[in-house]
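To start, the structure under review is shown below, and the notes come after it.
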Amino acid sequence: TQLLEQSPQFLSIQEGENLTVYCNSSSVFSSLQWYRQEPGEGPVLLVTVVTGGEVKKLKRLTFQFGDARKDSSLHITAAQPGDTGLYLCAGGAQETSGSRLTFGEGTQLTVNP
Amino acid sequence: NAGVTQTPKFRILKIGQSMTLQCAQDMNHNYMYWYRQDPGMGLKLIYYSVGAGITDKGEVPNGYNVSRSTTEDFPLRLELAAPSQTSVYFCASSHYRVGYGYTFGSGTRLTVV
């Protein structure tokens, strides 16, 4: 069984601060995805990274896939209250959905005005 | 597009009762999934399907059953509800390639009393 560990589990910061969320595993993944979930809704895909060392940017969010494809990080610059939510990482062992995604337990982020 | 539609949004069941959680998608995805989400526990896979007529167990299938008679629909059946099945249930669908990500429904919050 592949496991993904996210840290920290909870994070409460002030508007304008920077933060990094980590997603680690002892297993190699073919791809790594990040989702954001808001209260009462299902998770929504933010990004997929597939190449070791890959960096993707989505406005103030920067996602990195580790060189060995076992870990990933999400960095938010100048956090805003609208960034509040549960951030989930998910790893795919293969390129096709038949392998299913393994989800981390999530990081609950609160950005205070 | 509606994406993934789940009904009902909320439900309270008494111990021993049965119910069916409905899930429908209009994206012509072959792959569909049922997850449960408990506080601090992330998403756990209950059942999944790779196409009409094909289903398989996930991590936590006990107490649940599924069927997939059409590409669009993937209902989840709870028989003899137990308090341990109190959770939020999410249905998701995906393209065959993991990189496209999962599309989730908005969830069903189930309480068993």
Side-chain angles (χ1 to χ4, degrees), chain A residues 1-11 21 23-25 28-51 54 56 58 63 65 69 72 85-108, chain B residues 2-10 21 23-25 27-51 54-61 74 87-109:
Chain A
T1 303
Q2 296 177 307
L3 295 175
L4 278 168
E5 295 184 352
Q6 286 188 241
S7 60
Q9 189 176 0
F10 299 95
L11 190 55
V21 175
C23 176
N24 296 297
S25 175
V28 174
F29 289 99
S30 176
S31 66
L32 202 296
Q33 300 178 359
W34 285 92
Y35 292 78
R36 179 167 66 207
Q37 184 179 16
E38 298 188 12
E41 298 296 329
V44 175
L45 179 69
L46 295 173
V47 76
T48 300
V49 285
V50 297
T51 305
E54 181 177 4
K56 280 192 175 180
L58 185 66
F63 305 86
F65 201 12
R69 291 185 289 128
S72 181
L86 179 68
Y87 289 80
L88 295 160
C89 66
Q94 300 172 18
E95 290 186 4
T96 60
S97 293
S99 67
R100 280 97 52 212
L101 289 176
T102 298
F103 283 85
E105 295 183 353
T107 294
Q108 181 64 54
Chain B
V4 177
T5 302
Q6 289 185 240
T7 56
K9 198 155 181 68
F10 302 94
L21 282 66
C23 175
Q25 54 94 6
M27 296 170 286
N28 202 32
H29 285 163
N30 283 330
Y31 292 81
M32 296 189 74
Y33 316 85
W34 273 105
Y35 286 88
R36 59 177 288 171
Q37 185 176 41
D38 301 315
M41 299 297 289
L43 291 164
K44 301 295 183 185
L45 182 64
I46 305 171
Y47 271 95
Y48 68 100
S49 170
V50 300
I54 306 171
T55 63
D56 208 346
K57 297 178 180 179
E59 299 174 74
V60 289
F74 189 39
S87 188
V88 181
Y89 292 84
F90 288 100
C91 178
S93 71
S94 72
H95 187 274
Y96 81 98
R97 293 192 71 86
V98 171
Y100 285 87
Y102 287 12
T103 300
F104 284 86
S106 58
T108 294
R109 182 174 294 274

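Lettering follows sequence order; numbering is per chain, from 1. Computation of the quantities below employed the complete heavy-atom set of this structure, encompassing side-chain atoms and omitting hydrogens, waters and symmetry-equivalent molecules.
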Greater than 12 external heavy atoms within 6.0 Å of B:K57's NZ: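 No - once you tally the heavy atoms of other residues, nucleotides and ligands closer than 6.0 Å, there are 12 at most.
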Residue list, ring-ring contact (aromatic ring centres under 6.0 Å, His included) with B:Y35, at least two apart or on another chain: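 For B:Y35 the ring-ring contact (aromatic ring centres under 6.0 Å, His included) partners, ignoring immediate neighbours, are A:F103.
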Segment of [X] engaging chain B (4.5 angstrom heavy-atom cut-off):
X     : value
A:Q37 : side chain
A:Q9  : side chain
A:L86 : side chain

Heavy-atom distances under 4.5 Å only: say whether B:Q37 touches chain A with side chain, backbone, both or neither.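 For B:Q37, side-chain heavy atoms alone lie under 4.5 Å from chain A.
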Could you check whether any side-chain heavy atom of B:S94 comes within less than 4.5 Å of a side-chain heavy atom of A:L101, counting everything from C-beta outward? no
With sequence neighbours excluded, what pairs up with A:E105 under the side chain to side chain contact (heavy atoms under 4.5 Å, CB included) test?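 A:E105 satisfies side chain to side chain contact (heavy atoms under 4.5 Å, CB included) with no other residue.
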What is the minimum heavy-atom distance between A:G40 and B:K9, and which atoms define it?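 Heavy-atom minimum between the residues: O-NZ, 3.5 Å.
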What option among A:G42, A:P43, A:G104 has the most heavy-atom pairs under 4.5 Å with chain B?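 The candidate making the most pairs under 4.5 Å is A:P43.
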